[in-house]
Amino acid sequence: MSTTLRTLFNICLLRQGPEALPYSRMLLGALLVISFMISVLIGGMIYSVKAAVLSSVAGLFVSFAFAKILLLKKPERFLQTFSAMLGTVTLINIVSLPSSYSLQYMQLGETAELFFGVTGLALFVWVVIVYGYIFSRALSSAMSYGVAISVGYALLHIIVLEMFISASLPG
């Protein structure tokens, strides 16, 4: 497992591509569970647990469908690509936990709120870049093409999550 974590970390640093991950349904299953739990944990800090669960399920479905459609012409790359997507976003979400917690539960001064807000934005941008890298490697295309796809994916993901979150909130 430490080899897989090291590989995911290297993908986050754009040193290795999704093809470096093992072709394993078991790994994908483990990453699905871990990603879901971390997503619910972070979402539960901001919204109700119900909203966090619904948005996490919707997020996983959107990610799965997007990766599946993106790789229609290269289906053999789906397992490693989807595993890379789940693993890297989970690592980055774990890094974001302190800032998410601090912004939600601590009485911070203006400077600290700004710091954690900028940190959150930087991590979001990093996810877009990492996904762009993953997409470019999976499609054997230029990084700029992968990042453009990643930006579109991020926008779609945000729209779907907001629909689920707003639908699950009372009132």
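Side-chain atoms are counted along with the backbone in the values below, which use heavy atoms only and exclude waters and symmetry mates.
Rounding to the nearest 0.5 Å gives a distance of 11.0 Å between CG of Leu71 and CG of Leu79. Atom OG of residue Ser63 and atom CG of residue Leu32 lie 9.5 Å apart, to the nearest 0.5 angstrom. To the nearest 0.5 angstrom, Arg137 atom CZ is 10.5 Å from Met143 atom CE. To the nearest 0.5 Å, the span separating CE on Met37 from OG on Ser56 amounts to 11.5 Å.
Cluster membership for Val127 and Val125, using ILVMFWY side-chain heavy atoms within less than 4.5 angstrom, is shared. Both Leu123 and Ile129 belong to a single network of hydrophobic side chains, linked directly or stepwise wherever heavy atoms of I, L, V, M, F, W or Y lie under 4.5 Å apart. Val33 and Leu41 are not part of a single hydrophobic cluster, where members link through side-chain heavy atoms under 4.5 Å apart. Under a hydrophobic-cluster definition in which Ile, Leu, Val, Met, Phe, Trp and Tyr are linked whenever side-chain heavy atoms come within less than 4.5 Å, directly or via other members, Tyr23 and Phe64 are assigned to the same cluster. The cluster map of Ile, Leu, Val, Met, Phe, Trp and Tyr, joined by side-chain heavy atoms under 4.5 Å apart, puts Val151 and Ile158 in the same cluster.
Minimum interatomic distance between Gly146 and Ser141 (heavy atoms only, all atoms of both residues): N-OG, 4.5 Å. The minimum heavy-atom distance linking Ala58 with Val160 is given by the pair CB-CG1, 4.3 Å. Nearest heavy-atom pair across Ser99 and Phe116 is CB-CD2, 3.3 Å. Nearest heavy atom pair, residue Ala142 against residue Ser136, reads O-CB, 3.4 Å. In plain terms, the two heavy atoms of Leu13 and Trp126 that are nearest each other are CA-CZ2, 4.3 Å. Shortest non-hydrogen contact noted between Val128 and Ala154 is CG2-CB, 4.1 Å.
The backbone N or O of Ala52 sits less than 3.5 Å from a side-chain atom of Ser55, completing a donor-acceptor pair. Between the side chain of Tyr131 and the backbone N or O of Met85, at least one donor-acceptor pair lies under 3.5 Å. Put simply, the side chain of Ser100 gets close to the backbone of Ser96: a donor and an acceptor are under 3.5 Å apart. Under a 3.5 Å cut-off, the side chain of Arg77 and the backbone N or O of Ala138 do form a donor-acceptor pair. Side chain of Gln80 to backbone of Leu21: a donor-acceptor contact under 3.5 angstrom is found.
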inquiry  = The test is side-chain contact (heavy atoms from CB on, under 4.5 Å); show your working for Val147 and Phe135 and say whether it passes.
reply    = CA-CA 8 Å; Val147 170; Phe135 295 153; over 6 Å; no
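Counting only N and O atoms by type, the side chains of Ser150 and Tyr133 include no donor and acceptor under 3.5 Å apart. Side chain to side chain, Arg15 and Thr7 fail the donor-acceptor criterion of an N or O pair below 3.5 Å.
Inter-residue side-chain proximity for Leu8 and Gln16 is flagged as unmet; no heavy-atom pair is nearer than 4.5 Å.
Results of the side-chain contact (heavy atoms from CB on, under 4.5 Å) test with Thr90 over Thr88, Ile94, Ile92 single out Ile94 as the only residue that passes. Screening Leu91, Leu27, Leu31 for a side-chain contact (heavy atoms from CB on, under 4.5 Å) with Leu86, the sole residue that qualifies is Leu31.
Cation-pi geometry between Lys68 and Phe78 is met: under 6.0 angstrom from the ring centre, within 45 degrees of the axis.
Ring pair Phe66/Phe61: centre-to-centre distance not below 6.0 Å.
Open room surrounds CD on Glu110; 12 or fewer heavy atoms of other groups in view lie less than 6.0 Å from it.
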